[in-house]
Each structure stands twice: as C-alpha cells, then as structure tokens.
There are 2 protein chains.
Amino acid sequence: MTEPKIHSPATPEAAKKQPRDGKGNATIYDIAKVAGVNPSTVSRALSKPGRVSAKTQKLIQDAAAELNYQVNPFARALPTGRTNTFGLIVADITNPTFFDIIRGAQTTGTLRDYTLVLAESAESAATELTAARRMMATADGLILASPRMDDDDIRALARDKPVVVINREVEGVPSVIPDVRKGIGEAVRSLAANGHKRIAFVAGPAQSWMSARRWEGFESACEWSRLEAVRVESTKPTVDGGRQVARDVLSTGATAVLAYNDLLAIGLMQELQAGGMAVPDQISIVGFDDIFGADFTTPPLTTVRSPLGECGAGAAARLLDLLQGKGNAEPEGTLQMETELVLRGSSGRLLAAGQR
Amino acid sequence: MTEPKIHSPATPEAAKKQPRDGKGNATIYDIAKVAGVNPSTVSRALSKPGRVSAKTQKLIQDAAAELNYQVNPFARALPTGRTNTFGLIVADITNPTFFDIIRGAQTTGTLRDYTLVLAESAESAATELTAARRMMATADGLILASPRMDDDDIRALARDKPVVVINREVEGVPSVIPDVRKGIGEAVRSLAANGHKRIAFVAGPAQSWMSARRWEGFESACEWSRLEAVRVESTKPTVDGGRQVARDVLSTGATAVLAYNDLLAIGLMQELQAGGMAVPDQISIVGFDDIFGADFTTPPLTTVRSPLGECGAGAAARLLDLLQGKGNAEPEGTLQMETELVLRGSSGRLLAAGQR
DNA sequence: CTGAAAGCGCTTACAG
DNA sequence: CTGAAAGCGCTTACAG
C-alpha cells in the first residue's frame, strides 16, 4: 500500500498567500500546537473568555500574540451565521443629508465592534431592493435611510433579519425619525415675532413621507401662531428646483418661506436675489436639515436642523441592540430625535420700503 | 448497536433561521437533489459557467431559481480566500472632498460585482492603520484616499493584498492622483488675462502631499505667465482657517488668490466680504476641488475642479484589475486625472476705485 | 462532462 | 475546565 494521497484542492490560494509575509496566517491549530492544548480550547479562549482557566487563557493569548494571529472572519461566520457587519443603504451618496447619517452609524458601529457596509440606491426603489437583498446575505442587519421601496418590501426584509428605518415610519419595523414639531415651532414663532403674517411652505416630492410630516407640522404651528400658511409645490428637491419655484412663491404674497429642505431654500434664495430682492429685508427664507454648506450663502441660511448624525447613531444602536438581544422592550417603536432652529442671517424682520 | 448520534453543534443558528421565511436558505445540496446531479456539478455550474453541459446547466439554473438560491458568501470565501469585497478608507467621512471619491469607487465596484466596505480614520494615522488592518482580514483589496499614515505602513499593507492610493504617491504602490497642472495653468492664465500681477497661494497643511504639489504647480504657472507668486500659510484647511488667513492675504498686496481648497477659499471670501471688500471687483478668489456647495456662495466660487469621482472610479478599476489579474502592464505607476478650471463669479477683472 | 472526496478555519454539543 | 468530533456551505484536484 502506498501512502494515502492528500488532496488539498483549496490550497493553491493558500500557497500563494504563504510567501507574502514569510509566516502566512496563523490558525487556531498553530496556536494550539504552541500552547500545547486542543484547538477547541483555543477557540473558546479567543471567542468567549471566562470559559477557560486563567492559566490556559494566558498560554493561548501569548501564543496568539507571538504568531500574530488574526481570526478568519469567514471561518467564524460559516458556523455561526454572524459576521459582525451591518448594512446601510442610502438613496444618494452625494446628497449631504446622508453624510451625517453615515458618519453616525459608522461611529457607533465601530464602537461596538461592528463594521459598516455601505450601498447606494441612486434614488431607485428597484436598485434599493437589489442592494438590500445582497446585503442581507452577508450582513447581520440593515439600516435603510429614507428608503424608496414600499412598506411591504421593507417588511419582507425585516422578516429575514433585523432592519431599522430612518426618516420614515413603517408599521412593524423599528424606526428613527427627527421630530419636526419642535424645530418647526421655533421657526414659525421666530417668524411671527418678526412680524410676518403670511408664510409659505415649499413642499418636497409628492410621495415623500417626510415632506408630508413637515407640511403638517408647518400648518399646525402656523395655526397656533395665528399665521396664514400657504403651500407651494416644487418640481424637485434640489437647488434647481428652488430656483424654479421662486415665481410661485412670490405670487403667494408671503413674506417668509420655509422650504422642505436646504437645497430648495438655497436655490430659491439665489433666484430671488438674482431678481433684485433683499434677503431677509424683503423676504425671509428658512431651510430644513442644516446640511453642509448651508452657511456658505450670503446671508447664511437660517434652517431647522435635523439631528442626522444622531439619527444614524440611534439607528445603529437600535439595530445592534436587536442583534445582541437587548432592547426587547420596544422592538418596534419609533425613536424620535429633536429638531431645532438654527438662526442665521436669511430670516428676520421685514423692512418697510423706506428703511432699505 | 444504537443509531449513531449526529452532532449538529453549529445548527442552533440554522434552526433559528429556518422558520424565518418558511423555506430557509437553499444550499447547493438542495439544488443537486432537485436537479438530480452531484453538488460539485452544481458548484461548477454556478461559479464557472461553461464547464458544464448546456443541459445540466439549465437544469441547475432552474432548480436554483425555483429554490430562490443565494450563495453563501462565507462558505465561498473560506476555501477561496476571496470575498468580492474591497475596502475604502477616507480621512473624514463628512469632508465633501471624499463624497465623490466614495461614489466613484462604489459605482465601479458594483458594476464589476464587488461590494464596497467603507471606513473612516477621523484624520488619525493610528486609527487609519487599525481600520486598514481590519479590512485586510476580510476584503480582497484596499483603496486609501489621502492616507495619513506613512509610506512604510502603506507599503507593508500592499505586501499583503493589493492596495491603491488616491491623492498621494507612494513608491512601489499604484496610485491615482489629479494632475494639478492643467487646472492651475488655466486658473493662472485666466487671472493674468484679467490684469492681475501679483497673486497669492494659501497653502494647506504643512505635511500635505497635495498642498506641496499645488504650490509647485502654482509657482511654475505664475512663472510661465510672468506673474508674481506669493505664499501664505494657513492654520487649518477649513472655512475657519480661511477666515483667519484673510489679514495675511491682504497684507501681501495680492489682487487675486488661489486657495489650497474650496473650504479655505470660502472662509477667506466670507471674511473679506465681511470687512467690506467686493469680490471679485477688489480681489479675485479661486478655490480648489469644486466641492459640493462651492456654488452656494455669492458670488459663486471659481475653482479648479479635481475629478474626484473619476479618481475613485479609476482607483477601483485599478484595484479590481489587479485582483482579477489584469493590468500587469503597469502595476505600480501613477494614474493622472486631469483638472480643469470652473469659471464662476468670484474671479474676474480688478475694478479701479472709480468704477465700483 | 460529472461524481466522490477532502479541505478551507472556525464553533459548539457532548463527554469526560 | 478540556478534548475529540461533527458540521457550517462551498471549491477544486483527481479520476473516470
């Protein structure tokens, strides 16, 4: 009988890796050999400290350090099904609204030893769903920021693995949203205090969940302050959309306007100024979100700040709680983050013609 | 003899997963059963089409579709060591300079069936190295955008797996950088054509590789156009840093200034305007990068556009070529992307006092 | 072209 | 507390 042939079909890659830095990647078997224990003991020592005697623990730790051991995440993921990874899908990676959300999620993820995987839907519900499914295969859970897909798709995903939604409420799925009331209330009261009587809201996309909330908040705040609220539709929530809506805003006779978002507000302000109007002397403009660059304008934009970073961080915390079995108390509620008015130069008292 | 006991230690997770959506996750074994072939044939059909007869291929494809099969990326990664994942580390996730880089990398990654994993170094070389090592464990390769760590650390990483650097040149490591010459040349010629004689460069961080390149380009462009080039140091490359440097800029007597980046340019413009100066009538200001918001200012900022999106896309393409064994031709060279002047309102002809 | 088998590097229920 | 063993779901060299 000859020696048994050892197949090592998966080894060509390993063979390529070996020479890379002289010592290749150590495995728990290498550690076991050095420490003189069984590989399963090494596994226990490394993955759940406390289940192993202090002495062996140290032996193993030292061996691991000596060999410069790094766990192989795939090998770990295969039997457990967990990857310590969570996904975040945003509608548009170049939209500043999402920057702080990304950072917030990233930061709390890293703090809790989770890695963030980011994808973008390019504002398409179909792309979003594809990306989500793809992520579901590898990530432990998912955060959807301002998702475009419909509630049923979101619920279907949530049936598979934990999902947290930002900027939207979906029945049965936990969510984190900015509570617009406080910020809008402050904005409207500030305008009222400056003598404005009729103020306009420039709405966002018709299907936007958030735009509807903001309009509601606006209406009720105006009612409360006894101001006349008028509504103007925009074509798209961008700087360009803001420019296009300027005529309509003017024709309402409103002396102050709250825009669905900062981009609209900035475009509107640019167009009005180009037409010779003075901001805020002739018209006050208030944005929404306090995105990066909101203070680049002249005058800098007054805006209702959305706590986007906190939303991202809150969503991540929520998701990780779910993954780690905490927070069973209120797994499906909505977490509300407070908004606040950031008073800058684009809003103020109306000046009579003679004062200008 | 009793029935052999079957240990299934790794199954509690699977058991938890099963009920989730009624049918659990199908494996190649399930497909094999349905299609009536061996699992290894399924594997071949799914991972390298063409190695299997057309008939079996179809059989397998249909079974996979019917079972709604999704590969398990971890199971695939374990024997092959590949994950179809690449990492991108940026210094600051809220710095708009990186937005387009991220998007560019993301887009070409998705196109080539790779997933982007994003991390942030928070401007710290140490954090950056930690994040990089961590990513190296799971990703197939790495892109470093404006890395803060030193050349040796980068080379050490590159010894392990393919690495591509953006916005910096590191000997022995492939890189993608904007070629500043064309854009700066255009900017300086434009200023010269508008009658400026002495122009200032507001430098970025002393250790910044890019700032040094931009200053060099500025100097030689000025020499070519026979303009006097003066240099002003800034404390930090932010809007605030721009404000602080205004006095120094004024004291040089320059009538135009090119700033290391748009943030500095915007801060500088705000401070000068606040001091009563007219831009561009009394002083022209040109930024660098064309970040989001550069056109929010009044006047909108003239700037040298860096093709950041293309840099991200180019770096990703380069990395994936490396991973897929292409591009052996020039594995270590520098890929240069062209810059260009974006002429907006903040630069122009100097007006004599009487004309203002 | 296809089957049978070994192996990737971990984790964990089962016995001591 | 620790060892021996099975299993996670794939891939691929080896034989037909």
Side-chain angles (χ1 to χ4, degrees), chain A residues 4-18 24-32 35-60 64 67 69-84 137-138, chain B residues 4-18 24-32 35-60 64 67 69-84 137-138:
Chain A
K5 275 186 200 161
I6 307 295
H7 290 187
S8 53
T11 329
E13 285 294 333
K16 266 184 239 152
K17 255 184 279 171
Q18 291 295 354
N25 296 323
T27 71
I28 57 171
Y29 294 89
D30 301 321
I31 298 179
V37 298
N38 188 282
S40 54
T41 305
V42 176
S43 171
R44 275 187 287 260
L46 262 26
S47 58
K48 36 188 68 168
R51 321 276 267 108
V52 142
S53 79
K55 202 174 70 183
T56 348
Q57 182 79 35
K58 170 135 178 44
L59 229 50
I60 290 171
L67 295 172
Y69 173 77
Q70 302 262 84
V71 258
N72 179 325
F74 309 111
R76 176 171 282 180
L78 194 48
T80 62
R82 312 199 77 205
T83 61
N84 269 253
T138 67
Chain B
K5 277 187 199 159
I6 306 294
H7 290 188
S8 54
T11 328
E13 286 295 333
K16 265 183 240 153
K17 254 184 280 172
Q18 292 294 357
N25 295 323
T27 70
I28 57 171
Y29 293 89
D30 301 321
I31 298 179
V37 298
N38 188 282
S40 55
T41 306
V42 176
S43 170
R44 274 187 289 259
L46 262 26
S47 58
K48 39 188 66 170
R51 320 277 266 108
V52 144
S53 80
K55 202 175 66 182
T56 353
Q57 180 78 34
K58 171 135 180 38
L59 229 48
I60 291 172
L67 295 172
Y69 172 78
Q70 301 261 84
V71 258
N72 179 325
F74 310 111
R76 177 171 281 180
L78 194 47
T80 61
R82 313 198 77 204
T83 61
N84 270 252
T138 68

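Numbers restart at 1 for each chain; the letters A, B, ... are given by sequence-line order, proteins then strands.
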How long is the line joining [atom1] of [X] and [atom2] of [N], in whole Å?
{"X": "B/Q70", "N": "D/dC8", "atom1": "CD", "atom2": "P", "value": "19 Å"}
{"X": "A/I28", "N": "C/dC8", "atom1": "CD1", "atom2": "P", "value": "12 Å"}
{"X": "A/F74", "N": "C/dT11", "atom1": "CZ", "atom2": "C1'", "value": "17 Å"}
{"X": "B/L78", "N": "D/dC8", "atom1": "CG", "atom2": "P", "value": "14 Å"}
{"X": "A/Y29", "N": "C/dG9", "atom1": "OH", "atom2": "P", "value": "9 Å"}
{"X": "B/I60", "N": "C/dT2", "atom1": "CD1", "atom2": "P", "value": "8 Å"}
{"X": "B/R76", "N": "D/dT12", "atom1": "CZ", "atom2": "P", "value": "9 Å"}
{"X": "B/N72", "N": "D/dC10", "atom1": "CG", "atom2": "C1'", "value": "8 Å"}

Go through [options] for me and flag the one nearest to the [X] side chain.
{"X": "A/R44", "options": "D/dC14, D/dG3, D/dC8", "result": "D/dG3"}
{"X": "B/P79", "options": "D/dT2, C/dG7, C/dT12", "result": "C/dG7"}
{"X": "B/T56", "options": "D/dT2, C/dT2, D/dC10", "result": "C/dT2"}

**Prompt:** Would a 4.5 Å heavy-atom cut-off, applied to side chains only, mark A/T27 and A/N72 as touching?
**Reply:**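 The answer is no; the side chains never approach within 4.5 Å.
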
**Prompt:** Are any non-hydrogen side-chain atoms of B/I28 and B/Y69 less than 4.5 angstrom apart?
**Reply:**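 B/I28 vs B/Y69: side chains touch.
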
**Asked** Do you know the tightest heavy-atom contact between A/T41 and A/I60?
**Response**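 Reported closest heavy-atom pair: O-CD1, 3.8 Å.
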
**Prompt:** Taking all non-hydrogen atoms of both residues, which atom of B/V52 and which atom of B/A45 are closest, and how far apart?
**Reply:**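 Reported closest heavy-atom pair: CG2-N, 4.1 Å.
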
**Item:** Position toward the 5' end of DNA chain C (nearest nucleotide), B/N38 or A/S43
**Value:**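 Between the two, 5'-proximity favours B/N38.
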
**Request:** Tell me, please, which residues at least two apart from B/S43 pass side chain to side chain donor-acceptor pair (under 3.5 Å).
**Result:**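 None.
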
**Message:** Checking B/T83 now: which residues fulfil side chain to side chain donor-acceptor pair (under 3.5 Å) with it, not counting sequence neighbours?
**Reply:**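 Partners of B/T83 under the side chain to side chain donor-acceptor pair (under 3.5 Å) test: B/D140.
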
**Prompt:** Can you tell me how far C1' in D/dT12 sits from the matching atom in D/dG16, rounded to whole Å?
**Reply:**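 One C1' to the other, the span is 16 Å.
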
**Prompt:** What distance separates B/Q57 CD from B/L46 CG, expressed to the nearest 0.5 Å?
**Reply:**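 Reported to 0.5 Å precision, the distance equals 7.5 Å.
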
**Message:** Can you work out whether A/A75 or B/S40 has the more 5'-proximal nearest nucleotide on DNA chain D?
**Reply:**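 Its nucleotide being nearer the 5' end, the pick is A/A75.
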
**Request:** Stems involving DNA chain C: give each as a range paired with a range, ordered by first number, where a stem means at least three consecutive Watson-Crick or G-U wobble pairs under 3.5 Å.
**Result:**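 So far as stems of 3 or more pairs are concerned, DNA chain C shows C:1-3 with D:14-16, C:5-12 with D:5-12, C:14-16 with D:1-3.
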
